[in-house]
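These notes concern the structure reproduced below.
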Amino acid sequence: MKNLDKKLKNLEVEIVENRLQKKQRRERIDKRDSLIHQKYIKIWNDKIAKNKEFKSNLDKIISRFKKINPKNNRYYWMLQEDISMKERVKSIVLVYVNNVRLSMELRLYGNSTEIVCTTETEIYPIKNIEKAKNDFINIVLEIFKEQIDSNEY
């Protein structure tokens with residue numbers, strides 16, 4: 001059974017080496033993705049999450065909705081963090097127009113990072129962040145108009 005001991009030892013060495021290689025590969029990929037994601041997070045923060053003009057526009061929309069239609073209606077917006085992401089970033093913009101939840105979120109997939117507006121399931125590449133932002137605001141306005149038209153105030 002000398003041969004068995006040798007086979008077991010070789011198998012053990014091979015398994016340990018494979019585990020180490022997989023761990024190192026995962027670390028390299030995570031580091032690369034982290035660098036890529038930081039670039040996209042900066043764009044998102046500059047254009048959306050920390051952008052005073054964008055926040056002001058959402059505040060203005062919500063306050064106008066409340067003025068136009070003040071009775072028993074829920075209008076508000078918030079920035080939310082996706083807790084499943086490794087990166088800590090407020091990656092979701094939520095707007096509630098009564099019972100309709102509208103959202104725009106940053107989805108980090110390395111170089112394939114995208115912005116998704118779940119109301120229309122529109123997907124935008126990160127380079128089209130301005131178009132995504134404008135389309136999102138227009139969707140919010142459309143939903144409000146539809147609600148007002150359907151209720152005939």
Side-chain angles (χ1 to χ4, degrees), residues 14-153:
E14 184 181 337
I15 289 171
V16 168
E17 285 178 2
N18 282 341
R19 285 181 183 164
L20 182 61
Q21 287 174 352
K22 285 180 181 179
K23 181 181 177 195
Q24 289 172 341
R25 189 177 318 121
R26 172 63 24 218
E27 288 172 354
R28 281 193 311 269
I29 290 170
D30 286 347
K31 184 177 179 183
R32 182 198 68 207
D33 284 351
S34 178
L35 291 172
I36 292 169
H37 292 167
Q38 289 309 313
K39 178 176 81 170
Y40 294 134
I41 289 169
K42 181 180 180 345
I43 293 169
W44 174 265
N45 284 338
D46 290 346
K47 302 286 184 178
I48 304 289
K50 295 180 181 176
N51 185 294
K52 290 180 182 177
E53 180 184 2
F54 180 68
K55 290 178 174 182
S56 173
N57 286 342
L58 289 175
D59 287 338
K60 190 183 301 182
I61 289 169
I62 296 301
S63 68
R64 190 67 57 94
F65 285 2
K66 287 179 180 179
K67 181 179 175 186
I68 293 170
N69 195 20
K71 294 181 182 177
N72 301 323
N73 290 295
R74 297 177 344 152
Y75 306 120
Y76 62 95
W77 74 272
M78 69 175 92
L79 282 168
Q80 188 174 359
E81 188 175 294
D82 182 352
I83 59 173
S84 67
M85 288 174 45
K86 290 180 187 176
E87 295 82 359
R88 293 289 177 219
V89 60
K90 294 196 182 246
S91 61
I92 304 171
V93 179
L94 293 171
V95 175
Y96 289 89
V97 181
N98 282 328
N99 297 323
V100 180
R101 178 185 182 268
L102 310 165
S103 69
M104 177 173 58
E105 84 178 85
L106 176 69
R107 294 196 181 156
L108 297 170
Y109 303 124
N111 282 325
S112 300
T113 293
E114 60 193 20
I115 299 169
V116 177
C117 292
T118 58
T119 57
E120 299 290 323
T121 60
E122 290 289 327
I123 299 173
Y124 303 87
I126 191 76
K127 67 182 180 181
N128 292 346
I129 193 166
E130 288 297 326
K131 180 171 177 19
K133 184 168 59 170
N134 290 333
D135 288 355
F136 180 70
I137 287 178
N138 286 330
I139 291 167
V140 171
L141 296 173
E142 287 174 29
I143 295 296
F144 178 71
K145 184 179 181 324
E146 287 173 9
Q147 287 184 0
I148 295 298
D149 289 347
S150 69
N151 290 331
E152 298 181 18
Y153 286 95

State whether Lys55 and Asp59 are salt-bridged, where the test is any N-O pair (Lys NZ or Arg NE/NH1/NH2 against Asp/Glu carboxylate O) under 4.0 Å.
no
Does Glu130 pair with Lys133 as a salt bridge, N-O distance under 4.0 Å?
yes
Any side-chain heavy-atom pair from [X] and [Y] closer than 4.5 angstrom?
X	Y	value
Asn98	Ile143	no
Trp77	Leu102	no
Asn51	Trp44	no
Asp46	Lys42	yes
Leu108	Ile41	yes

Check [X] against [Y] and note the closest heavy-atom contact, atom names and distance.
X	Y	value
Ala49	Lys90	CB-O, 3.9 Å
Ser103	Phe136	C-CE1, 3.5 Å
Ala132	Cys117	O-SG, 4.2 Å

Look up atom [atom1] in [X] and atom [atom2] in [Y], then write down how far apart they are to the nearest 0.5 Å.
X	Y	atom1	atom2	value
Lys60	Glu53	NZ	CD	8.5 Å
Lys50	Leu79	NZ	CG	11.0 Å
Thr113	Arg107	OG1	CZ	11.5 Å
Ile62	Lys66	CD1	NZ	7.0 Å
Ile48	Ser91	CD1	OG	11.5 Å
Met78	Ile92	CE	CD1	10.5 Å

Inspect the surroundings of CZ in Arg88 and state if more than 12 heavy atoms from other residues, nucleotides or ligands are less than 6.0 Å away.
yes
How about CZ on Arg32, more than 12 heavy atoms from neighbouring residues, nucleotides or ligands closer than 6.0 Å, or not?
yes
For Tyr75, the ring-ring contact (aromatic ring centres under 6.0 Å, His included) test, sequence neighbours excluded, returns Phe65, Phe144
Give the C-alpha distance, both sets of side-chain angles, the deciding distance and a yes or no for side chain to side chain contact (heavy atoms under 4.5 Å, CB included) between Tyr40 and Asn111.
CA-CA 9 Å; Tyr40 294 134; Asn111 282 325; 3.8 Å; yes
Can you check side chain to side chain contact (heavy atoms under 4.5 Å, CB included) on Asn128 and Ile115, steps first, answer last?
CA-CA 9 Å; Asn128 292 346; Ile115 299 169; over 6 Å; no
With sequence neighbours excluded, residues passing salt bridge (charged side-chain N to carboxylate O under 4.0 Å, His left out) with Asp135:
Lys131
For Glu114, enumerate each residue passing the salt bridge (charged side-chain N to carboxylate O under 4.0 Å, His left out) test, keeping only those at least two apart in sequence or located in another chain.
none
Worked verdict on Val93 versus Leu58 for side chain to side chain contact (heavy atoms under 4.5 Å, CB included)
CA-CA 10 Å; Val93 179; Leu58 289 175; 3.9 Å; yes
Using only atom types and a distance under 3.5 Å, with no angle test, would you say the side chain of Asn18 pairs donor to acceptor with the backbone of Val16?
no
Keeping Gln147 on the side-chain end and Val97 on the backbone end, is there a donor-acceptor pair under 3.5 Å?
yes
Test Ile126 against Leu106 for side chain to side chain contact (heavy atoms under 4.5 Å, CB included), laying out the working first.
CA-CA 8 Å; Ile126 191 76; Leu106 176 69; 3.7 Å; yes
